[in-house]
Amino acid sequence: MSRSAHPAGPRHADVLPEGHWTAPATDLNVLDEKVWSRTVTRDADGALTVGGIEVARLAEEFGTPAYVLDESDFRARCRAWSDAFGTDADVFYAGKAFLSRAVVRWLQEEGLNLDVCSGGELATALDAGMPAERIAFHGNNKTVAEIERAVSAGVGRIVLDSFQEIARVAHIARSLGTRQRVQIRVTVGVEAHTHEFIATAHEDQKFGIALAGGQAAEAVRRALTLDGLELVGIHSHIGSQIFDMAGFEVSARRVVQLLAEIRDEHGVELPEIDLGGGLGIAYTPEDDPREPHEIAKALGDIVTRECESAGLATPRISVEPGRAIVGPTAFTLYEVGTIKPLEGLRTYVSVDGGMSDNIRTALYDAEYSVSLVSRSSDAEPMLVRVVGKHCESGDIVVKDAFLPSDLAPGDLIAVPATGAYCRSMASNYNHALRPPVVAVRDGQARVIVRRETEEDLLRLDVG
Ligand code: LLP
């Protein structure tokens, strides 16, 4: 799903005749800063450290597998996004990428807003003290109970996703004696160049209301007539792990066009547009993500230009990066359990986690890199597939990578760029216990989400 080529050139071992894998050009001990969080480095003994702490110490104290999250990097990325967009725009962190109470507090301290898409995310945000007016509530099928909770809490906006929801939110707000600020999510008809399951603005999918055929214009008409709603803007999200700004530009253009049509028909200039999230990150060194300031400039320029030509005042822009903030800030630390060389094919390295802590490889064919982190090694590189411990041959963490050929059981290896959509999509498949999230900062490590225990599993099993 990422655009990476394989480190050694061709990507798929399966299409190559035997023995055609060439050793990687780079020294396996060298950490590529594109895929590792900012405070990661190797110490004098060759072991990886993060936030000033050696990974072996983390493994000893917290066990493996574990997600290790670099708090200073997370905060720095929040600041980079909010500085890039400035005071005329709003950055909403997309909580679905990874959410916990600590994350909510960091967001507040760094001045970001929060986008939630379920009752559970909303509960976490409110519990950790996020002011409700800084929360946006998304989802294509919010339940009545979720809407009631969001409206009574006073969330800053609800993003309406269907005609039924327009009526539903209006009714609930009216019966609670309030007027809810809302945006309407439109599908702009852009084919984002990403995996089919995470592209969201082409017409044949479940999200939003299509611009095509006048559906979105009709949704606006209805929302403007209902007393329970204060329609403040239009929302669009075109997909995820996108590198090319062209899709965002088309989307911005179409949304501004709709604002102009709304002005012409209703005499109302909606004050906000939200262009969603979806900015890609580097999963492997070949990926080349855009910096927040480039993204802010590209989006700001296009919206300003389109508004000028339509004679509209520039609306307040918001964006919703999830992966681009948390993705690069964490790695998953595993211990090597078994090593199985398959003659003429590759070597299978089994770790103590797998598809229960990172489903993205199996689900989206996502590419990751991996490094030996408990020590350095000058041994020859060997072609490996890093797999988990689940009862499924698709249980792959890293499909094709090189690790040193002296790799041994007990070594620690780490897969970088697992901050987004790994813990949040983790499962208990095979009754696996979901790993903890350990936050490190300035020489201190602390658990922000603890490891599941067998008691946690059995507590739910009430038969
Ligand atoms: N805003 C909306 C309305 C969204 O639906 C999403 C992601 C985001 C923002 C944040 O997108 P981001 O900046 O994180 O790409 N599980 C998939 C990704 C699904 C994304 C769903 N919506 C994955 O692992 O790649």
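Computation of the quantities below employed the complete heavy-atom set of this structure, encompassing side-chain atoms and omitting hydrogens, waters and symmetry-equivalent molecules. Because the structure is a prediction, the values reported are computed rather than measured. Read the numbers this way: they start at 1 and go in the same order the structure lists the ligands and their atoms.
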Heavy-atom contacts with [X] under 4.0 Å: which atoms of ligand 1 show up? List them by number with element.
X	answer
A94	8 (C), 9 (C), 10 (C)
M425	16 (N), 24 (O)
G322	12 (P), 13 (O), 14 (O)
R185	3 (C)
E320	1 (N), 2 (C), 3 (C), 8 (C), 9 (C), 10 (C), 13 (O)
G277	1 (N), 9 (C), 13 (O)
S240	11 (O), 12 (P), 15 (O), 20 (C)

Q. Thinking salt bridges, do R77 and D73 make one under a 4.0 Å N-O criterion?
A.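 Salt bridge flag = yes for D73 with R77.
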
Next on the checklist: Check this for me: does any side-chain nitrogen of one of E291 and K297 sit under 4.0 Å from a carboxylate oxygen of the other?
Outcome noted: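 Here E291 does not pair with K297 in a salt bridge, since their nearest N and O are not under 4.0 Å apart.
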
May I ask you to decide if the ring planes of H390 and Y429 are parallel, tilted or perpendicular, using 30° and 60° as cut-offs?
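Plane angle under 30°, so parallel.
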
request  = Indicate yes or no: does an N/O atom of Q241 lie under 3.5 Å from an N/O atom of ligand 1?
outcome  =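 It does not: no N or O of Q241 is found under 3.5 Å from an N or O of ligand 1.
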
Please report whether the ring centroid of H138 lies less than 6.0 Å from that of H235.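 Close enough - the centres of the two rings lie under 6.0 Å apart.
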
Exercise. Given the side-chain rings of F62 and Y67, with only the six-membered ring counted for Trp, is the space between their centroids under 6.0 Å?
Worked result: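 Between Y67 and F62, which both carry aromatic rings, the centre distance is not below 6.0 Å.
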
Below 4.0 Å, non-hydrogen atoms only: which portion of [X] touches ligand 1? Side chain, backbone, both or neither.
X	value
Y364	side chain
L363	neither
H237	side chain

Q) Does P321 come within less than 4.0 angstrom of ligand 1, counting non-hydrogen atoms of the residue? A)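 Yes, P321 has a heavy atom closer than 4.0 Å to ligand 1.
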
At the 4.0 Å heavy-atom cut-off, does A324 count as touching ligand 1?
->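 False for this residue.
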
E33 CD: over 12 foreign heavy atoms closer than 6.0 Å
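12 or below, so no.
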
Surrounding NZ of K34 (heavy atoms of other residues, nucleotides or ligands, distance under 6.0 Å), is the total greater than 12?
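Check passes, neighbour count above 12.
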
**Request:** For atom 24 (O) of ligand 1, state which one of R360, H235, H138 supplies the nearest heavy atom.
**Result:**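 When every heavy atom of R360, H235, H138 is considered, R360 comes closest to atom 24 (O) of ligand 1.
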
Exercise. Consider only side-chain N and O atoms of N358 and Y421, and report whether a donor and an acceptor are under 3.5 Å apart.
Key: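 No.
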
Open item on the list: Can you confirm whether the side chains of R75 and T329 place a donor and an acceptor under 3.5 Å from each other?
Closed with: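 No.
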
